[in-house]
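Heavy atoms only: backbone and side chains are in, while hydrogens, waters and symmetry mates are out.
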Amino acid sequence: MCIGIPGRICELGEGNLARVEVSGVKREVDLTLVGAHDEHGAPRLGQWVLVHVGFAMSLINEQEALDTLDALQNMFDVEPDVGPLLYGEETR
């Protein structure tokens, strides 16, 4: 099963790399598939993306991101294996 995790872009790095915050954990993510800047050239800081294996796969709106994070948190409450997706490897 593949699962994308919502994260908010909080820093832009070199090229298409960015720091994306997922449940308080900042991760390096490649923005090549969505672009570090929008069609008007504005940086994507603060925007939400769906992250899978270190790549931002698509842009999503904030409400969809928050709903998905809430659902994943509910899954974590009954299935601890979801923890690393939300909080990084340190939850194992």
Side-chain angles (χ1 to χ4, degrees):
M1 172 176 75
C2 296
I3 189 164
I5 306 298
R8 190 182 56 78
I9 300 170
C10 55
E11 291 175 41
L12 293 178
E14 295 284 324
N16 282 317
L17 295 179
R19 300 287 289 170
V20 172
E21 184 177 344
V22 176
S23 298
V25 177
K26 292 182 181 176
R27 306 164 187 220
E28 187 169 86
V29 172
D30 189 315
L31 301 179
T32 298
L33 298 173
V34 298
H37 297 82
D38 68 16
E39 63 275 4
H40 304 290
R44 293 203 184 277
L45 287 172
Q47 293 186 354
W48 288 86
V49 291
L50 202 55
V51 179
H52 178 65
V53 295
F55 288 87
M57 304 302 288
S58 62
L59 297 168
I60 59 174
N61 68 50
E62 182 176 23
Q63 189 58 57
E64 184 179 10
L66 296 175
D67 290 346
T68 302
L69 287 170
D70 186 50
L72 288 169
Q73 180 60 53
N74 288 335
M75 287 173 61
F76 175 62
D77 291 343
V78 296
E79 181 52 64
D81 287 345
V82 175
L85 296 173
L86 290 169
Y87 306 112
E89 293 299 318
E90 62 274 3
T91 60
R92 286 189 174 216

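In this structure, the side-chain hydrogen bond (donor to acceptor under 3.5 Å, both in side chains) partners of Q73, at least two apart in sequence or on a different chain, are D77, Y87. In terms of the side-chain hydrogen bond (donor to acceptor under 3.5 Å, both in side chains) criterion, E14 has no residue partners (sequence neighbours excluded). Every residue two or more places apart in sequence or in another chain that forms a side chain to side chain contact (heavy atoms under 4.5 Å, CB included) with A18 is listed here: I9, L12, L31. Looking at residues two or more places apart in sequence or on another chain, you find no side-chain hydrogen bond (donor to acceptor under 3.5 Å, both in side chains) involving N74.
The CZ atom of F76 sits 9.5 Å away from atom CG of D81, with the distance rounded to the nearest 0.5 Å. The CG atom of N61 lies 11.0 Å from the CD atom of Q47; values are rounded to the nearest 0.5 Å. Put simply, CG on L45 and SG on C10 are 8.5 Å apart, with the number rounded to the nearest 0.5 Å. Atom CZ of residue F55 and atom CG of residue N16 lie 10.0 Å apart, to the nearest 0.5 angstrom. From I5, atom CD1 reaches atom CG of L72 across 4.5 Å, with rounding to the nearest 0.5 Å. Rounding to the nearest 0.5 angstrom, the gap separating the CG atom in L69 from the CH2 atom in W48 is 5.5 Å.
Sequence neighbours left out, the pairs with a member in residues 4-13 that pass salt bridge (Lys or Arg N to Asp or Glu O under 4.0 Å) are R8-E21. Contacts classified as salt bridge (Lys or Arg N to Asp or Glu O under 4.0 Å) and involving residues 35-60 (residues at least two apart or in different chains) are not found.
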K26 and V20: CA distance, side-chain angles, deciding distance, side chain to side chain contact (heavy atoms under 4.5 Å, CB included) verdict:
CA-CA 5 Å; K26 292 182 181 176; V20 172; over 6 Å; no

Show the numbers, then the answer: is there a side chain to side chain contact (heavy atoms under 4.5 Å, CB included) between V51 and M57?
CA-CA 6 Å; V51 179; M57 304 302 288; over 6 Å; no

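At a threshold of 4.5 Å between side-chain heavy atoms, the hydrophobic network of Ile, Leu, Val, Met, Phe, Trp and Tyr places V22 and L17 in two separate groups.
Nearest heavy atom pair, residue I60 against residue P6, reads CD1-CB, 3.8 Å.
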